[in-house]
Amino acid sequence: MSAGLLALMDCNNFYASCERAFDPGLAGRPVVVLSNNDGCVIARSKEAKDLGIPMGAPEFKCRQLFARSGVAVFSSNYALYGDMSARVMATAGAMVPRLEVYSIDEAFLDLAGLPGSPDSNSRLIMEAVKRATGIPVSIGVGPTKTLAKAANRLAKKDPSLGGVLVLPEGPEEPGRAGRLEGPGGPEGQAREAFLTRVEIGDVWGVGPRYASRLRDLGVLTALDFIRLPRDWVRKKMTVGGLHTWLELQGTPCIPMEAAPKPKKSIVSSRSFGRPVTRLEDMREAVSQYASRAAGKLRAQGGLASAVLVWVQTNTFIAGEPQYSQARSLALNPATSNATEIVRRALEGLTGIFRPGFRYKKAGVMLLGIEAEASAQLSLLRQMDGLAERDARAGQLMAALDHVNAKWGRETLFLASCGVARPWGMRQARRSPRYTTVWSELPVAYA
DNA sequence: TCTGGGGTCCTAGGACCC
DNA sequence: TCTGGGGTCCTAGGACCC
């Protein structure tokens with residue numbers, strides 16, 4: 001049995017590829033997708049990267065280049081991307097014994113026990129996903145998650161690999177030839193050659209802070225990194241760094257997760273489309289965020305025991321008066337009831353809102369989340385007859401979720417969230433929600 | 001000269017991920 | 001004028017307890 005044969009599948013330029021999947025006219029054209037409020041570039045097709053458009057570049061600084069070079073520009077369309085992601089995951093998941101969704105555009109795949117070589121299996125998966133969804137993916141395979149990530153990175157960088165890179169299994173694999181040969185054997189040499197090609201900043205688990213500190217010490221590649229003394233890594237980079245160090249050498253430290261873990265905190269926050277100055281508008285926005293957070297909480301079957309609300313002005317604008325403040329309030333008993341969570345969030349807002357500022361952003365966070373199933377039933381509440389009220393609130397929320405699942409987000413919503421929403425996001429160039437809203441289905445006819 | 005030795009809980013801050 | 005929105009984990013240090 002070959003333990004630890006892991007693949008990382010990563011969608012290429014995912015958001016840009018989603019836009020392209022429904023609009024063949026975009027083939028070969030540079031495509032970029034903007035963040036919420038159309039603020040900055042968060043996804044680029046290959047053609048857009050070749051134009052030198054950097055990740056995270058503010059839209060207003062690129063506007064001329066976009067126009068000059070015929071770049072197709074989209075507001076982000078998470079309804080579309082989330083649904084396309086589910087289709088990609090379902091397609092790949094049907095072909096492997098286990099799949100762990102790691103992010104909207106990435107999954108770890110367990111390839112152990114499949115007939116055929118890892119390379120041919122990876123290519124079959126790549127083709128199946130492309131056929132079913134139109135989304136191109138790259139796949140890296142290795143004995144640990146960190147090595148699979150690194151292999152994936154190289155598979156994307158080096159076009160000659162055709163989107164797939166399989167690393168040799170390492171000397172650490174018990175009972176394998178590599179172990180007998182030691183690090184100097186052919187597999188050990190191949191591994192070293194590979195690690196030399198992985199820049200230190202590209203290693204999963206090494207962020208900008210550590211990367212810069214390591215470069216100062218002359219550690220430029222993954223190979224340099226694994227040659228550092230174990231104790232130094234443990235001391236300077238804590239256990240996380242040590243896991244990275246071990247995983248790069250073929251020792252698995254980060255296991256596959258069967259099911260996504262329930263969130264311990266849930267955040268809903270947005271920058272406003274234009275500055276908010278009036279309390280009424282702020283109350284609508286906070287209502288909206290609190291009720292979105294409550295919806296996410298119910299979706300994972302949780303109850304929150306506290307809600308944190310915060311507001312802030314635009315820290316980018318020098319010379320304008322700045323203000324930011326947060327307040328947290330207990331939810332007792334813990335609840336997922338949107339009306340109750342909104343009520344408490346608005347209470348908190350009343351305490352922190354100061355007139356005379358141009359607010360840029362607000363948010364709501366749910367904390368102290370426990371599983372609904374394990375929630376304690378308060379004897380006191382039952383005796384008070386409050387249990388009945390709780391049950392009715394629960395039915396109301398279930399009805400709300402049901403209607404919105406069936407007919408689309410926000411078919412039903414709390415009146416306190418407002419209707420006109422002058423503070424709402426800028427989304428000037430959103431594509432249709434092709435796959436999740438009936439009226440926006442793509443049209444195909446002769 | 002001497003100034004114990006653990007535990008637990010909480011918070012803030014720093015690092016990372018997408 | 002204009003710069004996203006989510007998350008997690010680890011550690012150090014303080015408060016408090018015996």
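Side chains included, hydrogens not; waters and symmetry mates left out as well; all remaining heavy atoms used. Letters A, B, ... are given to chains in the order of the sequence lines, protein chains preceding strands, and every chain is numbered from 1.
- For an aromatic pair to be called close, the ring centres must be under 6.0 Å apart, and A:W204 with A:Y102 satisfies this.
- Look at CD on A:Q427: it is 15 Å from P on C:dG4, rounded to the nearest Å.
- Closest contact between the side chain of A:P58 and the listed nucleotides C:dG6, C:dT3, B:dC18 involves C:dT3.
- Residue A:K360 places at least one side-chain N or O under 4.0 Å from the OP1 or OP2 atom of C:dT3.
- Comparing C:dC2, C:dC10, C:dG4 against the side chain of A:V239 picks out C:dC10 as the nearest.
- The CG atom of A:D10 sits 10 Å away from the C1' atom of B:dC18 (whole-angstrom rounding).
- We find that CZ of A:F225 is positioned 11 Å from P of B:dC16, with the value rounded to whole Å.
- The nucleotide whose nearest atom lies closest to any side-chain atom of A:Y210 is, among B:dA15, B:dC17, C:dG7, B:dA15.
- The interatomic distance linking A:N152 (CG) with B:dC17 (P) rounds to 15 Å, in whole Å.
- Taking every side-chain heavy atom of A:K263 into account, C:dT8 is the closest of C:dT8, C:dG4, C:dG5.
- Contact annotation: A:R426 does not reach the phosphate of C:dC2 (side-chain N/O to OP1 or OP2, under 4.0 Å).
- Atom-to-atom, CG of A:L65 to P of C:dC2 comes out at 22 Å; the value is rounded to the nearest Å.
- Residue A:S271 places at least one side-chain N or O closer than 4.0 Å to OP1 or OP2 of C:dG5.
- Ionic pairing of A:R197 and A:E192 is not present here: no N-O contact between side-chain nitrogen and carboxylate oxygen is shorter than 4.0 angstrom.
- Listed pair A:R63 / C:dC2 fails the phosphate criterion, with no side-chain N or O lying under 4.0 Å from OP1 or OP2.
- A:K264 comes within 4.0 angstrom of the backbone, heavy atoms only, and of no base.
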Between A:N314 and A:Q322, is the side chain to side chain contact (heavy atoms under 4.5 Å, CB included) condition met? List the steps.
CA-CA 7 Å; A:N314 191 343; A:Q322 301 288 318; 5.6 Å; no
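- A parallel orientation is assigned to the rings of A:Y81 and A:Y15, their planes being inclined by less than 30° (bins at 30° and 60°).
- Within the nucleic acid shown, A:D38 has no heavy atom closer than 4.0 Å to any nucleic acid atom.
- Partners of A:R421 according to the side chain to side chain contact (heavy atoms under 4.5 Å, CB included) rule, which considers only residues two or more places apart in sequence or in another chain, are A:E284, A:Q288, A:E410, A:F413, A:C417, A:W423.
- Counting any heavy atom pair closer than 4.0 Å across all strands shown, A:I266 reaches sugar-phosphate atoms only and no base atom.
- With the nearest nucleotide of DNA chain C identified for both A:G39 and A:R292, A:G39 has the one nearer the 5' end.
- Checking the phosphate oxygens (OP1, OP2) of C:dG7, no side-chain nitrogen or oxygen of A:K261 falls inside 4.0 Å.
- In this structure, A:R358 reaches neither bases nor backbone, as no heavy-atom distance under 4.0 Å exists between it and the strands shown.
- Pairing partner, C:dT11: B:dA12, with both Watson-Crick or wobble hydrogen-bond distances short of 3.5 Å.
- As judged by a 4.0 angstrom heavy-atom cut-off over every strand, A:K236 is placed among residues making no nucleic acid contact.
- Heavy atoms of A:S268 sit under 4.0 angstrom from primed sugar atoms or phosphate atoms, though from no base atom.
- Here A:S265 reaches the OP1 or OP2 of C:dT8: one of its side-chain N or O atoms lies under 4.0 Å away.
- Using a 4.0 Å heavy-atom cutoff across all strands shown, A:G240 reaches no nucleic acid atom at all.
- In this entry the distance linking CG of A:N13 with C1' of B:dC18 reads 15 Å, nearest Å.
- Side-chain N/O atoms of A:K149 include none lying less than 4.0 angstrom from OP1 or OP2 on B:dC17.
- In this structure, the nucleotide among C:dG4, B:dC18, B:dA15 sitting nearest to the side chain of A:N36 is C:dG4.
- Protein atom CZ of A:R209 is 11 Å distant from nucleotide atom C1' of B:dG13, rounded to whole Å.
- For the residue pair A:S138/A:N12, the side-chain donor-acceptor check at 3.5 Å is satisfied.
- Of the candidate nucleotides B:dC18, C:dG5, C:dT3, C:dG5 has the atom lying nearest to any side-chain atom of A:N37.
- For the pair A:T238 and A:K361, nearest-nucleotide mapping onto DNA chain C gives the more 5' position to A:K361.
- Taking 4.0 angstrom as the limit, A:N314 places a side-chain polar atom (N or O) nearer than this to OP1 or OP2 of C:dC2.
- Contacts of A:E59 with the nucleic acid, taken as non-hydrogen atoms under 4.0 Å apart, are absent.
- In this structure, A:I42 atom CD1 and B:dC17 atom C1' are separated by 16 Å, rounded to whole Å.
- A cation-pi arrangement is found for A:K145 relative to A:F108, the charged atom lying closer than 6.0 Å to the ring centre and inside a 45° cone about the ring normal.
- Look at A:R234 and you'll find a side-chain N or O under 4.0 angstrom from OP1 or OP2 of C:dT11.
- Considering A:I341, A:N337, A:T335 as possible partners of A:L297, the one that fulfils the side chain to side chain contact (heavy atoms under 4.5 Å, CB included) test is A:I341.
- Residue contacts shown for A:V203 are limited to sugar-phosphate atoms, with no base heavy atom under 4.0 Å away.
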